[in-house]
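As structure tokens, the structure follows; a few thoughts come after it.
Since the model is a prediction, treat every value here as computed from it, not as a measurement.
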Amino acid sequence: MNVDTLHRVFPVFFCGEEVPVGQPGVSRRWMTTLQSFSKQEECLYDLRKRSAVFFPIIDPILEEYGIPRDFRYLPLAESELVNDCVSPKGASGYWQLMPGTARALGLKVSRNVDERYNLQKATVAVCKYLLDLHRELGSWTLVAAAYNSGLTHVQKRISSQQHKNYYRLRLHRETNQYLFRVLAYKELLSNPNQYRLLLSQRTINFLTRPLPRWLAAATLDKKSRDEAMDAEKRQEADLFSSRTWGPRVNTALWGEPSAVERWLASALGGDDDDSDLAASKSSLPIKKLLGLVVLRFRRPRFLRWRRGLTLRPVHQWEWV
């Protein structure tokens with residue numbers, strides 16, 4: 001958060017509209033939202049990786065329809081850019097569109113075809129929807145609120161409370177925090193170093209960690225992205241087919257004995273001559289240690305499933 005040791009709050013903007021973070025109620029909601037991300041380090045890093053892939057698709061469409069760029073962070077608050085998540089009410093896709101709303105915006109939603117899962121088509125439909133909301137409300141802040149709770153709900157609250165200030169409107173609890181979540185994604189992903197005084201160092205490290213190389217290629221062009229992803233798939237396939245996967249013998253004891261092995265051999269052998277230990281590096285494991293050899297099974301570790309690849313646990317037989 002834009003807070004220093006004197007608890008001074010710096011300006012924050014959404015679509016060119018200033019957020020009144022100097023007001024106590026707004027400042028409290030803003031800080032609470034940011035602090036809620038302090039224990040989501042790995043989630044934030046995953047969001048950075050997804051954003052590097054999907055923002056180059058979303059941004060040109062927003063620009064084409066004249067939608068402020070800050071709306072690129074809406075799908076992060078809606079679905080965390082996970083396409084197959086479905087809300088309890090039936091909203092789905094990156095933008096979490098309801099079936100009826102999607103059909104009204106020209107998307108096909110049926111048992112066989114659901115264009116809410118097509119990022120380009122869904123983004124075009126959302127841009128049209130956002131423009132309609134802006135014509136009705138006249139404020140991008142209220143547009144974000146209406147996207148979350150619906151236009152009717154926002155209009156009723158404006159009518160009953162006789163003002164159009166989002167930060168003073170009494171809306172649904174989720175809608176009251178919705179814009180702050182969008183702003184948090186914007187601020188943390190675009191300028192995380194400003195929040196070192198509020199977030200843990202571990203969180204800052206995840207927000208500033210370099211992204212994988214293939215994600216850097218994803219921001220250039222489709223051909224580079226496809227080549228990089230194909231290389232990653234081949235590398236993972238090589239791992240599955242490698243002889244290092246599955247049961248194998250650890251050959252660490254076939255080399256020169258370590259200091260611990262020397263001590264154990266000496267303890268087992270009493271006053272016997274241990275001068276042959278160094279010469280055993282090219283022979284079988286030390287006979288004096290065979291009484292201590294045990295078989296250990298490492299806990300399986302599962303990799304993410306890839307189409308066309310079988311799922312096999314990573315396990316290893318080790319001599320200890």
Side-chain angles (χ1 to χ4, degrees), residues 1-3 12 29-59 70-88 91-96 117 119 148 174 177-220 225 228-240 245 298-307 309 311-316:
M1 234 282 285
N2 295 324
V3 181
V12 179
R29 283 190 284 170
W30 178 220
M31 286 189 177
T32 301
T33 303
L34 284 172
Q35 288 175 334
S36 66
F37 287 90
S38 60
K39 296 182 180 180
Q40 303 181 28
E41 305 94 348
E42 296 184 5
C43 177
L44 289 172
Y45 184 67
D46 290 339
L47 286 177
R48 289 180 59 214
K49 292 191 290 186
R50 294 178 206 145
S51 299
V53 176
F54 295 122
F55 279 177
I57 301 174
I58 295 174
D59 289 347
D70 285 352
F71 277 93
R72 72 199 304 215
Y73 299 99
L74 249 69
L76 295 180
E78 290 286 342
S79 66
E80 296 184 349
L81 285 174
V82 176
N83 197 22
D84 56 356
C85 66
V86 182
S87 74
S92 189
Y94 294 108
W95 293 90
Q96 288 291 281
Y117 299 118
L119 179 58
N148 176 255
E174 178 186 350
Q177 291 294 127
Y178 181 73
L179 182 63
F180 292 96
R181 292 181 58 231
V182 175
L183 287 169
Y185 284 121
K186 172 190 173 182
E187 294 295 310
L188 294 179
L189 268 62
S190 61
N191 197 8
N193 287 320
Q194 288 191 0
Y195 305 100
R196 291 185 177 275
L197 296 177
L198 187 67
L199 303 177
S200 66
Q201 185 59 45
R202 175 179 168 83
T203 303
I204 296 298
N205 291 340
F206 273 94
L207 288 170
T208 56
R209 176 191 295 182
L211 296 176
R213 292 183 179 179
W214 72 269
L215 286 174
T219 61
L220 299 177
R225 179 170 67 252
M229 293 183 71
D230 289 342
E232 183 192 29
K233 291 179 180 178
R234 288 195 301 269
Q235 183 179 10
E236 189 165 314
D238 291 341
L239 285 175
F240 276 111
W245 292 85
R298 176 188 271 179
R299 182 176 62 181
R301 165 175 161 254
F302 293 89
L303 293 185
R304 183 176 57 186
W305 180 79
R306 293 282 190 180
R307 185 180 297 278
L309 295 176
L311 185 64
R312 298 177 58 190
V314 182
H315 52 288
Q316 179 181 23

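- Take D46 and apply the side chain to side chain donor-acceptor pair (under 3.5 Å) test, not counting sequence neighbours, and it matches no residue.
- Considering all non-hydrogen atoms of both residues, L74 and W95 come closest at CB-CZ3, 3.8 Å.
- Taking every heavy atom of both residues into account, E41 and S200 meet most closely at OE2-OG, 4.3 Å.
- With sequence neighbours excluded, the residues forming a side chain to side chain donor-acceptor pair (under 3.5 Å) with Q177 are T33, listed by chain and number.
- To the nearest 0.5 Å, the span separating CG on L207 from CZ on R196 amounts to 9.5 Å.
- To the nearest 0.5 Å, atom CZ of residue R48 and atom CG of residue L211 are 4.5 Å apart.
- By the ring-ring contact (aromatic ring centres under 6.0 Å, His included) test, F71 pairs with F14, W140, sequence neighbours left out.
- Counting non-hydrogen atoms of neighbouring residues, nucleotides and ligands closer than 6.0 angstrom, the CD atom of Q40 exceeds 12 such neighbours.
- Here the closest heavy-atom approach between residue D70 and residue V182 is recorded as O-CG1, 4.4 Å.
- Every residue two or more places apart in sequence or in another chain was checked for a side chain to side chain donor-acceptor pair (under 3.5 Å) with D84, and none qualifies.
- Under the rule for a ring-ring contact (aromatic ring centres under 6.0 Å, His included), the partners of Y185 that lie at least two apart in sequence or sit in another chain are F37.
- Judged purely by distance below 3.5 Å, without hydrogens or angles, the side chains of N205 and Q201 pair a donor atom with an acceptor atom.
- Closest approach of C85 and S79 over heavy atoms only: SG-CB, 3.5 Å.
- Take S92 and apply the side-chain contact (heavy atoms from CB on, under 4.5 Å) test, not counting sequence neighbours, and it matches V86, R116, Y117.
- Here salt bridge (charged side-chain N to carboxylate O under 4.0 Å, His left out) pairs that include residues 72-83, with residues two or more places apart or in two chains, are D59-R72.
- The CG atom of L76 sits 4.5 Å away from the OG atom of S51 when rounded to the nearest 0.5 Å.
- Rounding to the nearest 0.5 Å places CG of L188 at 11.0 Å from CG of N193.
- Annotation: the span from L198 atom CG to Q35 atom CD amounts to 4.5 Å, rounded to 0.5 Å.
- Take F206 and apply the ring-ring contact (aromatic ring centres under 6.0 Å, His included) test, not counting sequence neighbours, and it matches no residue.
- In this structure N148 satisfies the side chain to side chain donor-acceptor pair (under 3.5 Å) test together with E174, T175, sequence neighbours excluded.
- Applying the side-chain contact (heavy atoms from CB on, under 4.5 Å) rule to T32 yields the partners R28; only residues at least two apart in sequence or on another chain are considered.
- Applying the ring-ring contact (aromatic ring centres under 6.0 Å, His included) rule to F55 yields the partners Y73; only residues at least two apart in sequence or on another chain are considered.
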What verdict does the side-chain contact (heavy atoms from CB on, under 4.5 Å) test give for R202 and E42, after you've listed the backbone C-alpha separation in whole Å, the side-chain angles of each residue and the deciding distance to 0.1 Å?
CA-CA 10 Å; R202 175 179 168 83; E42 296 184 5; 3.9 Å; yes
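- A184 approaches W30 most closely through the heavy-atom pair N-CZ3, 3.6 Å.
- L119 CG to I58 CD1: the interatomic distance, rounded to the nearest 0.5 Å, is 5.0 Å.
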